[in-house]
Amino acid sequence: MRLALVGLPGSGKSSVGRVLARKLGVSFTDSDTVIEQRIGEPIRSYFEREGEGRFRDLEQQVIGELCASRLGVLATGGGAVLREVNRRVLHEDCTVLYLRSSPEELHRRLRHDTQRPLLQVKDPRARLQQLYRERDPLYRETAHFVVETGRPTVQTLVGMILMQLELAGIVDANRVPPPSSRRARTLELGPYTSGMSSISVTPLSGIETIDIALGERSYPIRIGSGLLRAPESFAGVPRSPLAVIVSNTTVAPLYAQLLRDALRGKHAQVELITLPDGESHKDWTTLNLIFDALLAGGADRKTILYALGGGVVGDMTGFAAASYMRGVPFVQVPTTLLAQVDSSVGGKTGINHPRGKNMIGAFHQPVCVVVDLETLSTLPMRELRAGLAEVIKYGPIADASFLGWVEANLDALLARDVATLRHAVRRSCEIKAAVVGQDEREAGLRAILNFGHTFGHAIEAGLGYGEWLHGEAVGCGMAMAAETSARLGLLPEGDAERLIRLIDRAGLPVKGPDLGADRYLELMRLDKKAEAGEIKFVLLDAIGHAVLRSVPDATLRQVLASRCT
Ligand SMILES: NC(=O)c1ccc[n+]([C@@H]2O[C@H](COP(=O)([O-])OP(=O)(O)OC[C@H]3O[C@@H](n4cnc5c(N)ncnc54)[C@H](O)[C@@H]3O)[C@@H](O)[C@H]2O)c1
């Protein structure tokens with residue numbers, strides 16, 4: 001196996017490379033270290049004395065030799081991609097990961113650096129910006145994967161990279177240390193009690209901000225209490241003359257006026273579209289109500305839509321924004337727990353089709369997400385429990401510690417303790433941000449967020465949308481996926497039981513409706529994760545680590561027989 005890391009100075013190539021190599025049980029080589037051994041002095045002095053050209057010649061030679069050898073993980077110097085021959089050799093001989101960081105992040109990390117020759121200038125920030133402009137396209141050209149490094153810890157990043165490589169079939173899951181030893185380490189997204197700042201949480205006068213790093217489509221998630229009353233919650237949203245709030249018959253009477261007042265200084269005109277409430281209305285007919293109102297109200301390409309409501313309103317408003325006049329900006333203002341921890345983040349938008357859930361849709365990222373925890377005070381208990389399903393989901397797929405925290409704090413969550421809810425929302429968003437930042441379009445890693453959803457979608461479609469809440473179906477789907485993982489020998493039975501117990505304690509169903517195994521299989525094949533008729537399930541091979549697997553029909557029938565009433 002040959003993995004190579006490229007990226008600007010300070011992007012973490014050496015530290016990430018070292019941990020990655022250790023996890024994979026392969027050697028780690030830093031091309032700069034090899035060069036220094038060869039020249040017998042620091043690169044900086046050689047570079048100053050001999051000039052960049054001589055140094056690059058040497059670097060090219062070393063990279064060529066290393067790529068031809070039995071490499072494990074290779075960290076390259078920041079300028080290695082400047083030569084076309086290096087780009088080609090790396091791309092052809094290795095799986096190349098580009099560790100992308102913004103120049104601002106790099107400046108923060110490197111402001112005291114005295115070793116890197118290119119940064120020993122008067123204005124290192126400007127130098128980094130220039131390097132980024134010049135080299136980002138070259139790193140992208142060389143790389144097979146772009147890894148956003150802005151937020152997570154090294155451990156997190158390595159966990160994400162490993163999952164990405166496993167899902168792409170580049171790293172054999174069996175070569176990664178076994179689940180028991182991985183459980184405590186690989187996918188820990190930083191300490192969950194005090195060190196939440198591991199993924200760039202910036203407290204800003206009571207507002208906490210988590211950034212979704214997607215290049216020019218990056219945006220903040222702002223979390224706090226009373227944000228709907230604070231115009232600054234919407235900082236950065238363009239000042240268009242017309243804004244349109246899209247909500248529904250339940251949420252609009254509760255919160256539309258508050259939002260309108262907060263937006264007054266930003267938009268001369270703020271209109272409201274009120275949709276019928278419910279999953280059964282997440283369809284073409286209701287979507288057309290939005291288009292009709294926008295056209296009748298003279299909305300143009302600068303008009304901004306605000307999605308005020310749960311996941312249904314968010315998904316439909318987002319899809320309307322993606323397609324109205326070929327795309328207008330929109331803001332997510334989620335008011336259910338489920339929408340705050342999941343659906344408002346990540347840019348998936350869409351509507352249901354009678355033949356399948358969310359079958360028609362688009363990726364369209366919001367300008368920002370504003371999470372006002374106070375709105376949860378009016379949420380019906382059943383909806384709160386449904387939202388907890390998605391909160392619970394993040395632990396088993398990515399963070400064993402968080403699962404433990406949810407177990408310990410479930411009662412406070414159910415009692416709507418605001419500080420506890422705040423932590424749950426924040427941590428969930430951090431994990432979702434980390435995953436979406438690596439894989440915006442669900443080419444690989446993002447699929448893990450669908451844990452429990454293949455079974456869940458079949459339940460929703462089989463019963464008719466709206467009969468079970470989405471979160472209830474996901475809760476039950478996670479119980480089914482956990483049992484499937486255990487039956488396949490991937491997950492210890494005790495771990496599956498532990499997760500099922502928590503879902504049950506949250507008041508969510510752990511037994512599915514008896515649709516008949518044939519009907520379940522038919523509906524699951526229709527789900528969009530079925531490729532060429534083969535269904536890929538998100539399963540667990542440890543608490544805190546998800547894998548994608550196809551499952552024999554016989555196993556699915558056993559699970560359905562045991563988990564349906
Ligand atoms: N886009 C994504 O990535 C993504 C992810 C997960 C789920 N989803 C979608 O989200 C939808 C489910 O979202 P949901 O669970 O938020 O359901 P929902 O939008 O139907 O909201 C649930 C109910 O709560 C009401 N409500 C909302 N906020 C309220 C408040 N503050 N006080 C009182 N009542 C309130 C709503 O009117 C509705 O009746 C599904 O359609 C699902 O497919 C999308």
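Ligands are counted one by one from 1 in listed order, and the atoms in each one are counted from 1 as well.
Inter-residue side-chain proximity for Asp300 and Thr303 is flagged as met; some heavy-atom pair is nearer than 4.5 Å. With contacts defined as side-chain heavy-atom distances shorter than 4.5 Å, the pair Met478/Ile503 qualifies. Counting heavy atoms from C-beta on, the side chains of Leu254 and Thr335 never come closer than 4.5 Å. Using a 4.5 Å heavy-atom threshold, the side chains of Ile223 and Ile207 count as separate. Under the 4.5 Å side-chain criterion, counting only non-hydrogen atoms from C-beta, His423 is in contact with Trp405. Val538 is listed as a side-chain neighbour of Leu548, based on a closest heavy-atom distance under 4.5 Å. Between Tyr324 and Leu295 the shortest side-chain heavy-atom distance falls below 4.5 Å. Inter-residue side-chain proximity for Val369 and Ser344 is flagged as met; some heavy-atom pair is nearer than 4.5 Å.
Atom NZ of Lys511 has more than 12 neighbouring heavy atoms from other residues, nucleotides or ligands inside a 6.0 Å radius.
Considering backbone and side-chain atoms together, Thr375 places an N or O closer than 3.5 Å to an N or O of ligand 1. At under 3.5 Å, not a single nitrogen or oxygen of Val345, backbone or side chain, sits near a nitrogen or oxygen of ligand 1. Considering backbone and side-chain N/O of Thr349, none are found under 3.5 Å from N/O of ligand 1. Residue-to-ligand polar distances keep Leu338 apart from ligand 1: every N/O pair is separated by 3.5 Å or more. Considering backbone and side-chain N/O of Asp342, none are found under 3.5 Å from N/O of ligand 1. For ligand 1, the polar-atom distance check against Asn248 finds a nitrogen or oxygen pair separated by under 3.5 Å.
Atom 20 (O) of ligand 1 has its closest protein heavy atom at Val312 CG2, 3.4 Å. Here the protein heavy atom with the shortest distance to atom 27 (C) of ligand 1 is Thr336 CG2, 3.2 Å. The nearest protein atom to atom 34 (N) of ligand 1, hydrogens excluded, is given as Pro380 CD, 3.7 Å; this is a heavy-atom distance. When hydrogens are left out, the protein atom nearest atom 30 (C) of ligand 1 is Thr378 OG1, 3.5 Å; that is the closest non-hydrogen contact.
For atom 41 (O) of ligand 1, the choice among Glu472, His470, Glu279 with the nearest heavy atom turns out to be Glu279.
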task = Under the side-chain contact (heavy atoms from CB on, under 4.5 Å) rule, what do Phe234 and Leu263 come out as? Steps first, then yes or no, please.
result = CA-CA 8 Å; Phe234 300 93; Leu263 297 178; 3.9 Å; yes
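Within ligand 1, the atoms closer than 4.0 Å to a non-hydrogen atom of Tyr255 are 31 (N), numbered from 1 in the order shown. For ligand 1 and Asp277, the ligand atoms under 4.0 Å from any heavy atom of the residue are 36 (C), 37 (O), 38 (C), 39 (O). Of all atoms in ligand 1, listed by their number and element, those nearer than 4.0 Å to a heavy atom of Gly311 are 10 (O), 11 (C), 13 (O), 14 (P), 16 (O), 19 (O). Ligand 1 places these atoms under 4.0 Å from at least one heavy atom of Lys357: 40 (C), 41 (O), 42 (C), 43 (O). Within ligand 1, counting atoms from 1 as listed, the ones closer than 4.0 Å to a heavy atom of Lys282 are 9 (C), 40 (C), 41 (O), 42 (C), 43 (O). Distances below 4.0 Å separate heavy atoms of Val251 from the following atoms of ligand 1: 26 (N), 27 (C), 28 (N), 29 (C), 35 (C), 37 (O). For ligand 1, the atoms sitting less than 4.0 Å from at least one non-hydrogen atom of Asp315 are 1 (N), 2 (C), 8 (N), 9 (C), 44 (C), numbered in the order shown with element in parentheses. Close approach of ligand 1 to Leu254 is summarised as follows: ligand atoms under 4.0 Å from at least one heavy atom of the residue are 32 (N), 33 (C).
A side-chain N or O of Glu483 and one of Ser562 form a donor-acceptor pair less than 3.5 Å apart. A donor and an acceptor atom, one from each side chain of Thr375 and Asp372, are nowhere located under 3.5 Å apart.
Arg549 pairs in a side-chain contact (heavy atoms from CB on, under 4.5 Å) with only one of the listed residues (Leu490, Thr484, Ile535), which is Leu490.
Aromatic ring centres of Phe455 and Tyr520 lie farther apart than the 6.0 Å criterion allows.
Only the side chain of Glu383 comes within 4.0 Å of ligand 1, judged by heavy-atom distances. Under 4.0 angstrom from ligand 1, there are no non-hydrogen atoms of Asn352. Counting heavy atoms closer than 4.0 Å to ligand 1, residue Leu469 contributes nothing at all.
Distances shorter than 4.0 angstrom occur between a heavy atom of Lys432 and an atom of ligand 1.
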